J.: 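Have a look at this one before I ask anything.
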Amino acid sequence: NAGVTQTPKFQVLKTGQSMTLQCAQDMNHEYMSWYRQDPGMGLRLIHYSVGAGITDQGEVPNGYNVSRSTTEDFPLRLLSAAPSQTSVYFCASSYSRLSYEQYFGPGTRLTVT
Amino acid sequence: DQQVKQNSPSLSVQEGRISILNCDYTNSMFDYFLWYKKYPAEGPTFLISISSIKDKNEDGRFTVFLNKSAKHLSLHIVPSQPGDSAVYFCAASGDNNDMRFGAGTRLTVKP
């Protein structure tokens with residue numbers, strides 16, 4: 001099993017550009033989520049999904065969109081990048097919404113100039 | 001509004017001694033608590049968890065203690081090893097899937 005994979009590892013964007021961060025898992029997990037990690041802030045939940053076709057907002061959803069068309073994939077879209085979105089982004093998954101232990105991907109470091 | 005707080009950004013201990021990492025929370029609806037460990041350039045990995053119906057959970061060298069009345073939990077690592085050097089995140093969740101993380105504590109275990 002590859003576990004949770006994320007692409008790209010690094011990305012630099014200009015203000016106003018859009019992009020999609022990819023996340024995939026091969027463990028047949030129902031629950032997937034996106035977090036951002038900022039210095040002194042820990043990880044903050046952006047969006048999550050409890051199954052294909054179902055998504056919901058987390059703590060900091062503004063400026064991001066998600067969709068879940070398959071169990072395996074959960075892409076995160078930045079609609080119009082802003083410098084405040086400079087962060088490290090982690091995707092995570094777990095067997096179900098009742099399985100609190102999540103498996104994290106290696107992260108994507110995004111810089112918006 | 002940080003609902004989960006780790007007030008010590010860093011901790012340094014000698015190899016073989018006990019490491020104690022602390023975490024406080026404010027939301028009384030949290031009923032499940034976890035610790036994650038993170039090495040540089042990697043994603044966090046799950047370490048240990050505890051449900052609110054317990055006050056202690058042990059897994060090898062790692063023990064988590066929960067004091068619900070004080071809204072406080074702690075992670076004890078005994079004995080500490082150099083390979084334990086990492087950032088440790090405390091996390092808490094209720095039944096709404098909204099998991100909140102603390103800011104992390106960087107543990108350094110000196111040989």
Side-chain angles (χ1 to χ4, degrees), chain A residues 2-10 21 23-25 27 29-51 54-61 66 68 87-109, chain B residues 1-10 21-27 29-54 57 59 62 64 66 73 86-106:
Chain A
V4 180
T5 58
Q6 292 183 238
T7 55
K9 282 188 168 42
F10 302 94
L21 279 62
C23 173
Q25 52 90 10
M27 297 174 281
H29 284 172
E30 286 186 355
Y31 183 88
M32 296 185 75
S33 55
W34 276 102
Y35 293 86
R36 57 179 288 173
Q37 184 194 5
D38 301 295
M41 300 291 290
L43 290 96
R44 291 182 292 168
L45 182 64
I46 304 171
H47 284 285
Y48 64 93
S49 168
V50 298
I54 306 168
T55 63
D56 208 343
Q57 297 181 350
E59 186 184 355
V60 289
V66 291
R68 184 99 179 268
S87 188
V88 181
Y89 291 85
F90 291 100
C91 178
S93 74
S94 62
Y95 181 70
S96 76
R97 72 171 188 89
L98 298 178
S99 304
Y100 295 98
E101 298 86 359
Q102 297 185 69
Y103 294 79
F104 282 82
T108 294
R109 184 174 293 275
Chain B
D1 172 30
Q2 257 192 309
Q3 299 184 28
V4 178
K5 295 180 184 178
Q6 294 177 254
N7 292 320
S8 298
S10 63
L21 294 92
N22 293 303
C23 178
D24 297 293
Y25 62 96
T26 57
N27 189 339
M29 298 303 291
F30 289 146
D31 60 6
Y32 202 80
F33 305 88
L34 307 91
W35 286 93
Y36 282 85
K37 176 179 179 178
K38 185 183 180 303
Y39 292 117
E42 295 182 11
T45 55
F46 169 73
L47 190 57
I48 192 168
S49 63
I50 187 166
S51 162
S52 60
I53 63 173
K54 295 178 142 186
N57 189 27
D59 184 1
F62 302 92
V64 56
L66 175 63
L73 63 156
V87 176
Y88 289 78
F89 291 100
C90 168
S93 183
D95 60 359
N96 62 352
N97 304 121
D98 191 350
M99 187 166 291
R100 300 295 175 107
F101 283 78
T105 296
R106 181 178 301 278

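Every chain is numbered from 1 and lettered A, B, ... according to where its sequence line falls, protein lines coming before strand lines. All values reported here derive from a predicted model rather than from experimental measurement.
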J.: Please state whether the side chain, the backbone, both or neither of T45(B) comes within less than 4.5 Å of a heavy atom of chain A.
T.: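 Contact with chain A: none, neither part.
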J.: Are there more than 12 heavy atoms of other residues, nucleotides or ligands under 6.0 Å from atom CE of M29(B)?
T.: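 Result for CE/M29(B): open.
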J.: Please assess L45(A) against M99(B) for the test side chain to side chain contact (heavy atoms under 4.5 Å, CB included), listing each intermediate value before the final yes or no.
T.: CA-CA 7 Å; L45(A) 182 64; M99(B) 187 166 291; 5.6 Å; no
J.: Using heavy-atom distances under 4.5 Å, tell me whether Q37(A) contacts chain B through its side chain, its backbone, both, or neither.
T.: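 Only the side chain of Q37(A) comes within 4.5 Å of chain B.
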J.: Looking at Y103(A), I want to see if its OH is surrounded by more than 12 non-hydrogen atoms of other residues, nucleotides or ligands under 6.0 Å.
T.: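 No, OH of Y103(A) has 12 or fewer neighbouring heavy atoms, counting only those of other groups under 6.0 Å.
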J.: Minimum heavy-atom separation for Y36(B) to Q102(A), with atom names?
T.: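 Heavy atoms of Y36(B) and Q102(A) come nearest at OH-N, 2.8 Å.
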J.: Go through the atoms of A91(B) and report whether side chain, backbone, both or neither lie under 4.5 Å from a heavy atom of chain A.
T.: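 Interface part for A91(B): neither.
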J.: What's the shortest heavy-atom distance between A103(B) and G40(A), and which atoms?
T.: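 Answer, listing the atom of A103(B) first, then G40(A): CB-O, 3.5 Å.
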J.: Could you give the distance from CD (E101(A)) to CG (L47(B)), rounded to the nearest 0.5 Å?
T.: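 It comes to 11.0 Å.
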J.: On a heavy-atom basis, which atom in F90(A) and which in G43(B) lie closest, and how many Å separate them?
T.: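 That closest heavy-atom pairing would be CE2-CA, 3.5 Å.
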J.: Check whether more than 12 heavy atoms from other residues, nucleotides or ligands sit under 6.0 Å from atom OH of Y39(B), and answer yes or no.
T.: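 Yes, OH of Y39(B) has more than 12 neighbouring heavy atoms, counting only those of other groups under 6.0 Å.
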J.: Tell me whether the count of non-hydrogen atoms from other residues, nucleotides or ligands lying under 6.0 Å of CZ in R44(A) goes above 12.
T.: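 Yes, enclosed.
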